[in-house]
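The next block holds one structure in the form of structure tokens; read it before the comments.
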Amino acid sequence: MSEQNAQANGGRWLGTDLRWLGDQPPPTAADLHEAQGRTGDLPARIKPINPAMQVWGPAYTVAVPPGDNLWLHRAISAAPEGSVLVAGQTQPAEAGYWGEITTEAAMARGLRGLVFDGGVRDAAVLVELPFPIFAGQLCIRGTVKDPDSAGFVRLPITLGTARIRTGDLIVGDVDGVVVVPARNADRVVDAAVQRIEKERTMVEQIRQGASTLDLLGLR
Ligand SMILES: O=C([O-])CC(=O)C(=O)O
Ligand SMILES: [Mg+2]
């Protein structure tokens, strides 16, 4: 995203708090996925721990080794303010890598949210906090912090079929999470806004009795 802002005809995410300036609500994760040719969707198991949670902003990538959360602590301290931490595991393990302490630390650093293909815990508290968390599972098992563990921050990661680079646009909502490569963000947000407008027109026509077979040219 250019200077943390994605522009579009109908609106834009702007400024350090990335407010959406547009007549309509911002594009959903599914809108952006469709608008970039049905790509960029993260694994469907990654969902908000509270369905009302939404996240958008530039990714800061993290990879954690199984059962060890030290690299998440390192990421919290290294990521630029306004980042969305996007984390994967180098090998899948059942563990609760993230919780109340890490969330408070991330909020204190001005991070925008967490997207993690792994387990988090303390959810009873986290669902009430103003910090969106998208995770693959809830898990109570504790983690270690080995200083020599093989993880990393800032380098590209792969979650499912999606490749995520630090700086890419991340958008998450109740449906799941999508990544839009930074170089495409302006164009894809623009296309998503146009798509939303088209679908609003279609909803009006459906309410007036039109058939989806006609509207979509499926006869
Ligand atoms: O401490 C941990 O390893 C994860 C956790 O529960 C927290 O951050 O509160
Ligand atoms: Mg905890």
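Worth knowing before you read on, the calculation uses all heavy atoms, side chains too, and leaves out hydrogens, waters and symmetry mates. Small disclaimer: the values here were computed from a predicted structure and weren't measured. When a ligand or atom number is given, it counts from 1 through the structure's own listing order.
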* Asked: Any Lys/Arg nitrogen of Lys145 or Asp68 sitting under 4.0 Å from an Asp/Glu carboxylate oxygen of the other?
  -> no
* Asked: Does a donor on one side chain and an acceptor on the other come within less than 3.5 Å for Thr158 and Arg163?
  -> yes
* Structure fact -> Sorted by chain and residue number, the side-chain contact (heavy atoms from CB on, under 4.5 Å) partners of Ala95 (sequence neighbours excluded) come out as Tyr97, Thr143
* To do: Examine distances only and state if a side-chain atom of Thr61 and a backbone atom of Leu155 form a donor-acceptor pair shorter than 3.5 Å.
  => yes
* By side chain to side chain donor-acceptor pair (under 3.5 Å) - contacts of Arg195 (at least two apart) -> Glu199
* Just by modelled atom types, is the Thr28 backbone N or O under 3.5 Å from a matching donor or acceptor in the Asp173 side chain? -> no
* Is there a donor-acceptor pair closer than 3.5 Å between any side-chain N or O of Ser211 and the backbone N or O of Leu213? -> yes
* **Residues Arg45, Asp117: salt bridge by 4.0 Å N-O rule** => yes
* Determine, for Glu204 against Arg200, whether the closest basic-nitrogen to carboxylate-oxygen distance falls under 4.0 angstrom. => no
* Asked: Name the residues in contact with ligand 1, where contact means a heavy atom under 4.0 Å away: which are they?
  -> Asn69, Gly96, Tyr97, Trp98, Gly99, Glu100, Ile101, Thr102, Arg121, Asp122, Thr143, Lys145
* Going by chain and residue number, what protein N/O/S atoms come nearer than 2.8 Å to the Mg ion (ligand 2)? -> Asp122 OD2
